[in-house]
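Below is one structure; the comments refer to it alone.
Worth saying up front: this structure is predicted, and the values here are computed from it rather than measured. Chain A is the first sequence line, chain B the second, and so forth, proteins listed ahead of strands; every chain is numbered from 1.
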Amino acid sequence: MALEFKLPDIGEGITEGEIVKWLVNTGDTVKEDQPLVEIMTDKVTAEIPSPTAGVVQECRGKEGDVVDVGAVIVVIETTTAGVVSEVATKEPTVAAPQSASKPQARCTSPGTSSVLSGSGAKMLAAPATRKLARELGINLTTVAGTGPRGRITPDDVRGFSSSRPTLASGPLSTPSTVQGQESEKRVPFIGMRRRIGEHLVKSKHTAPHFAYVEEVDMTELVSLRQQLKGDAEAQGVKLTYLPFIAKAVISGLKAFPGLNSSLDDAKGELVYKNHYHLGIAAATDEGLIVPVVKFADQKNLYALASEIQDLSLRARNGQLKPHDVTGGTFTLTSIGSIGGLFSVPIINHPEVGIMGINKIEKRAVVRNNTIVIRNMMYLSICCDHRVVDGSEAALFVKHVVEYLQQPARLLI
Amino acid sequence: MSSIHKPDVAIIGAGPGGYVAAIRLAQLGQKVLLVEQNKTMGGVCLNRGCIPSKALIYAGSLYEKMKHAGDMGILLSNEPTIDLPKMMDWKDGIVNKLTGGVAQLLKANGVQTLTGRAEFNGPHKLSVKTPNGNIEQVEAKSYLIATGSSPIDIPGFKRDGKVIIDSTDALSLQDVPKKLALIGGGVIGLELGILYAKLGTEVTVVEMMDQLLPGTDKDVVQVLTRSLKKRKIKVFTESKAQPVQVKGKTATLTIERPKGTEVIKDLDKVLVAVGRKPNSQSMGLEKAGVKVDDRGFIQVDHQLRTSVRHIFAIGDVTSAPLLAHKASKEGLVAAEVIAGNTHEVLDVRAMPSAVFTDPEIATVGLTEEQAKAEGYTLRIGTFPFAASGRAMSMNKTEGLVKMIVDGNTDQILGVHMIGPEVSELIAEVTLAIEMGATAEDIALTVHAHPTLPESIMEAAESVHGKAVHIYQKEKPPLVGAK
Ligand SMILES: Cc1cc2nc3c(=O)[nH]c(=O)nc-3n(C[C@H](O)[C@H](O)[C@H](O)COP(=O)(O)OP(=O)(O)OC[C@H]3O[C@@H](n4cnc5c(N)ncnc54)[C@H](O)[C@@H]3O)c2cc1C
């Protein structure tokens, strides 16, 4: 019998996903658990396994299409007899997608790239606004409404559209050649890159950002880490600076609850969180992903260190589960290993703050009227100015800096 | 065999789904072939549904009003009487005018029509059997199935067109029946039952479920039930009719009730209106690969696409609610998708429905039960027409407006009305729901006086305990999920 396989609910609050890549063709024989399709949801890609063995009759949608959770994506003629109408879905694994090496023409039937602008959903928008969003290929759930009660206006949709990088749609234009060489290469802007883009645009559109930078004397911390490193290694933990910084930041978040909040635009309420879930931005081949250390305040230094290590390893290997990347309340991002003075990052919406961790280097600084060499680092922070004021951010950073300069306090 | 038609789109069925889609497709530059087995355009709705029934219902109401005109000091020298054949002629005139108008519109838009019965021979081939027995072949790029629905036959109630009749027959009777039993207390049956009761027929309604109009708001149905009683229409709910026994020109009906049985004799008509079934049979859907569900409805997605990519389906043949405006809306969306506007989807938050009983019923959005089941916390406002100056001045004070609102956001989730002209009033609240309006939005909007829509404004006020023309001690309580 034919089984209609619906896009399963692959994580809290996720209502739709984008088809990144078909892994099967119509007519293919599939085994139970064999991955059928790569679906990109908010920041992660999941390989959706087949619920049953059988022959693929139909793949609905083409690569780049956005499909709703609950929509039929694959029709499989099952080889086992019997009635299977509702199938238990397997938990998908989340993958940082492989680089788009060879675009495969699988299940690429001509047709829709319909963006269901929350048909059943409760986005507050008039019919004509919803239509405009469909025409512009915009998912209304990613647009911040500026009207009463968060109503999305036509201008909100147009504003979102003009700030968004244009998608290459339809047949890719043939590149002109310069002296026998292609002068440009066009690659569809889909999948993880598009998701990241949409997310960042939403953040920049919603939250007025401001940045603040301070320097930290890390000399004490450098030597503390040096002391603990051997012990940590003996326990199988690779101790970086990040867990120390995480501890200092959590102490700061507890002292300044405004930094650990979010703004519920729809209800017009500030939400202060009593849990501390730290996002740790990780670079993967395909793009940025932010796994989250849950209840970070309840974990000791080594526990934090090994969890951060585990998450970033799984991020690079594409083994994160949807719940690993949701629910963060504040984010740390670190590009110090590459270089630079400091970064001015974009907030991971709907959080209200993100801290940039930068490189530690020896610099000449003045202490007691003498020039000395110390291990210095810049700490940058960007905040949503609707919620956090400059003075609050400065005091928060000051708190963090004090902890980092007297790191023994972190061990208490 | 004649030449092969090769349009961009072939549409099967010229009801409010098919003909509306045809015109829109033509407007979008498509070459359209519209196949209809009937000689006239307009489908069930124009020929034997919405339009003829509403014409007769209007006439029936006028007759009833004339009989009571004396109350207002209007004296007729004779009692008004009914000339049913003349009434039917008048109704046919309206139907002819409308179906003719649709045919002209189709022609003006360049839609080619073909009379005959269509059948798929494969996913890309259609054959049409014309009235004179010819077979014409069609090979279109896309197909749109809009074949509608037809009345369900139940064993023991086989239509003979004389004593046992269906809704179509009931729209062309030549004599007012003396005694009529109505099998099925749904929309179509009740509209026609009340019509004949007004014309003087003694009417009995038999319904299996525990309420008339199953699925409709209970408060609304309660008003209707009371009104039917006043009209001396007998209603048997939770009752099952035994097979009819027809002898000559009359029938006898035995009804099994929860307590005991009831026998009705000397029925000159038994009107069977127990529901409708999709017209998806014997038209080669299997050969085309178009899937139907276990009740025969064609399965479609948000873009009205069937299981076969280039074949679309709309209207009664796809799913309930079986409503003309639902068919038309789906037709418009399907037309856009077929013409290449692939971003279009069926994005309807509020599908209104109007029932032309007396008093009329109109509903849109979620019912109280549905909203609770979806986990909403609700506040419910009501306003009785008995408190409306306009309703009083029209001598029609039966009924109420009931507004269901999200208790957290004040957003309107559903409105259920029974009363005068509510089929017209439903438009305001349908727009309100599509726009995501709150009860307060309606309460703050000035409504002209004295008009019936003021009752909607008052129901919205009553959500916040602020209705002016009824006494409200306090705000209605929050109900439903915590
Ligand atoms: C008595 C009555 C009263 C009603 N009142 C109302 C009302 O007040 N308001 C409301 O909204 N709705 C009302 N309805 C319902 C309404 O008529 C239907 O919902 C509407 O007509 C559905 O439109 P459609 O286009 O889907 O199909 P239809 O109107 O059923 O049209 C389908 C057409 O397809 C043709 N067809 C079928 N098969 C083939 C084939 N194989 N080849 C060629 N042609 C074919 C049929 O002849 C028909 O003309 C009423 C119905 C009835 C019976």
Any chance you could lay out the side-chain contact (heavy atoms from CB on, under 4.5 Å) test for L136(A) and H343(B), step after step, and finish with the verdict? CA-CA 9 Å; L136(A) 296 173; H343(B) 53 76; over 6 Å; no
Hey, what do you get for CD (Q411(B)) to CG (L124(A)), rounding to the nearest 0.5 Å? 5.5 Å
Beyond-backbone contact of T438(B) with R149(A), side-chain heavy atoms, under 4.5 angstrom: yes
Can you measure from OG1 (T342(B)) to CG (D65(A)) and round to the nearest 0.5 angstrom? 9.0 Å
Salt-bridge criterion met for R134(A) and D347(B) (N-O under 4.0 Å): yes
Could you check whether atom NZ of K125(B) has more than 12 heavy atoms from other residues, nucleotides or ligands sitting under 6.0 Å from it? no
Counting distance only, does the side-chain N/O of R151(A) pair as donor-acceptor with the main-chain N or O of M435(B) below 3.5 Å? yes
Is D441(B) in contact with chain A via its backbone, its side chain, both, or neither, using a 4.5 Å heavy-atom distance? side chain
Min side-chain heavy-atom separation P127(A)-R349(B) under 4.5 Å: no
For the NZ atom of K267(A) and the CG atom of N408(B), what is their distance to the nearest 0.5 Å? 6.0 Å
For the pair E434(B) and R130(A), find out whether any cationic side-chain nitrogen is under 4.0 Å from an anionic carboxylate oxygen. yes
Tell me whether K202(A) at atom NZ has more than 12 heavy atoms from other residues, nucleotides or ligands lying less than 6.0 Å away. yes
Using 0.5 Å steps for rounding, measure from the CZ atom of R309(B) to the CZ atom of R60(A). 9.0 Å
